[in-house]
Number of protein chains: 2
Amino acid sequence: MDQMSRNIGIQLKKIRKERSLSLDDVAKATDVSKAQLAQIEKGEANPTVSTLWKIAAGLKISFSSLLQPPKTFFQKYSVDPSTYVSEENGKYRVYSIIPYNPERGWEFYKIEMDPGVIHKSEPHTEGVEETVTVIEGQAVVQCGNMKECLEEGETLVFSANQPHQYENPTDKVTILHLIIQYR
Amino acid sequence: MDQMSRNIGIQLKKIRKERSLSLDDVAKATDVSKAQLAQIEKGEANPTVSTLWKIAAGLKISFSSLLQPPKTFFQKYSVDPSTYVSEENGKYRVYSIIPYNPERGWEFYKIEMDPGVIHKSEPHTEGVEETVTVIEGQAVVQCGNMKECLEEGETLVFSANQPHQYENPTDKVTILHLIIQYR
DNA sequence: GACAAATGTATACTATACTAAACAAAATGT
DNA sequence: ACATTTTGTTTAGTATAGTATACATTTGTC
């Protein structure tokens, strides 16, 4: 989340510097206190939409120009154990690698399936797309009445708007990478 | 401003109803309290970006889908006396009709110029465009070294990134409509 | 170098966003 | 028809966003 606050701060400071304004100038133009503006720029604040509005209106900029993330990234993620989920009596384990981000629109999971396990999923809302890649082992993916067996290194993309299931037909653990893209 | 809050509320409720979720469901999915969600939907709240983030992330939607204004409008404006500004010793009067709106990107003024008045403006930031229409009288508009005399009903568009001025060469009051478009 | 103005930071206080719980109203089931 | 669950609303309390003021640092000017 504080990713967002940091972005806003960066964008605001960038615009302010481009126009070579002081915090006082911006405070006067936007009717937002200098202290608060400083906090926002440092990414240490959690502004309300009304203050964002006042900033955007006072500076004559759009909302998106404040929310826009910087164009270059260099961000490391590792499996987040706090969001670890296990199903099918612990035989189907889901690890979040990149959690959902409203700006990005998708999330990234690692999945471990014990031998023989079948995991069923309810249909998601319209427009949701799953991309599965087999890292290790094999996976049989079924969606509606379509079915595909994936070998190591193979990838399947499908729209998950109907019941679907993952199965590990082998006698070893199968490891998948799963990207879920929302509309 | 509360235009914005109202929009967010409408959008949120729309998405919730589309998926036929209860406030409790959304509260559970987003980790935002039911009470707050209710307030937001009614447009009576002024949420922070962190709560917007939690809502967007929990519902797997983008930021813009919350900020998006409804597609149909029917909104009346009249001259706002509180933002009335006069310059050149009261001989150049500016009335705001539609104030700047970060989503729209432009604002709309009515201007009254007494006979003979000349009003000079400093250059605006890059990308600012002015559109002047003469409602009554005549106006001589100068921008940089360009010059144009506008009769009643005529309109001029120019980029206001250099010093410019408005002049009323007649012996009657001239009335202008001015649209200022920001980048 | 010394004074003055301007800039960002830190502090104390106020307003309000947000939560948790109790409540009321409607829907659901037996 | 009645109890039970599900729904949105209201209320009281807490956390924190926001402001105003004072402070520290820099910048420019004579």
Side-chain angles (χ1 to χ4, degrees), chain A residues 1-59 61 63 65-67 82 99-100 102 122 125, chain B residues 1-59 61 63 65-67 82 99-100 102 122 125:
Chain A
M1 148 58 212
D2 36 49
Q3 178 68 28
M4 182 87 263
S5 297
R6 209 171 311 128
N7 284 352
I8 294 174
I10 292 170
Q11 287 299 124
L12 175 54
K13 186 159 196 173
K14 180 159 159 282
I15 293 168
R16 183 169 70 86
K17 288 303 181 188
E18 276 172 8
R19 306 189 184 174
S20 50
L21 300 170
S22 69
L23 286 176
D24 260 317
D25 295 334
V26 177
K28 206 162 301 166
T30 62
D31 203 35
V32 173
S33 73
K34 194 168 53 155
Q36 184 64 4
L37 289 170
Q39 293 264 332
I40 292 172
E41 283 196 353
K42 284 190 256 176
E44 293 168 359
N46 179 16
T48 62
V49 303
S50 90
T51 54
L52 284 188
W53 179 274
K54 287 199 283 186
I55 292 172
L59 258 34
I61 57 180
F63 248 81
S65 61
L66 281 177
L67 302 178
S82 74
Y100 180 81
E122 289 309 301
T125 62
Chain B
M1 151 54 212
D2 35 49
Q3 178 69 28
M4 182 87 265
S5 298
R6 211 170 310 126
N7 284 353
I8 293 174
I10 293 169
Q11 287 298 125
L12 176 54
K13 186 159 195 172
K14 180 158 158 283
I15 293 168
R16 183 168 71 86
K17 287 303 181 187
E18 277 173 7
R19 306 189 185 175
S20 50
L21 300 170
S22 69
L23 286 176
D24 261 316
D25 294 335
V26 177
K28 205 162 303 166
T30 61
D31 204 35
V32 173
S33 74
K34 197 165 55 154
Q36 184 64 6
L37 289 170
Q39 294 264 331
I40 292 173
E41 282 195 353
K42 284 191 258 178
E44 292 168 359
N46 179 17
T48 62
V49 304
S50 88
T51 54
L52 284 188
W53 179 275
K54 288 198 283 186
I55 292 172
L59 259 34
I61 57 179
F63 249 82
S65 62
L66 280 177
L67 302 177
S82 74
Y100 180 80
E122 291 310 301
T125 61

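Sequence lines set the chain letters: A, B, ... in the order given, protein chains first and strands last, and positions in each chain run from 1. Here the structure is a predicted model, which is why all the values come from computation and not from measurement.
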Mind running a 4.0 Å heavy-atom check of residues 24-40 of chain A against DNA chain D and sending the residues that fall below it, in number order? D31(A), V32(A), S33(A), A35(A), Q36(A)
Any sub-3.5 Å donor-acceptor pair from [X]'s side-chain atoms to [Y]'s backbone N or O?
X: N46(B); Y: S50(A); result: yes
X: E41(B); Y: G9(B); result: no
X: Y100(A); Y: A56(B); result: no
X: N7(A); Y: M4(A); result: no
X: T51(A); Y: T48(A); result: yes
X: R6(B); Y: G43(B); result: no

Minimal heavy-atom distance between F63(A) and V49(A), with the atoms involved, is CZ-O, 4.3 Å
First and last nucleotide of DNA chain D in contact with chain B, 5' to 3', at under 4.0 Å to a heavy atom: what are they? dT7(D) to dA17(D)
Going by salt bridge (Lys or Arg N to Asp or Glu O under 4.0 Å), name the residues that satisfy it together with E18(B), two or more places apart in sequence or in a different chain. K14(B)
Looking at residues at least two apart in the chain, or sitting in another chain, which of them share a salt bridge (Lys or Arg N to Asp or Glu O under 4.0 Å) with K13(A)? none
On DNA chain C, reading 5' to 3', which nucleotide is the first and which the last to sit with an atom under 4.0 Å from a heavy atom of chain A, could you check? dT7(C) to dA17(C)
Of L52(A) and R16(B), whose closest DNA chain D nucleotide lies nearer the 5' terminus? R16(B)
Donor-acceptor contacts, no H, no angles, side chain residues 27-36 of chain B, under 3.5 Å, sequence neighbours left out:
unit_1, atom_1, unit_2, atom_2, d
T30(B), OG1, V26(B), O, 2.7
T30(B), OG1, V32(B), N, 3.3
S33(B), OG, Q36(B), N, 3.3

Indicate, with a heavy-atom threshold strictly under 4.0 Å, whether K54(A) touches base, sugar-phosphate, or nothing. sugar-phosphate
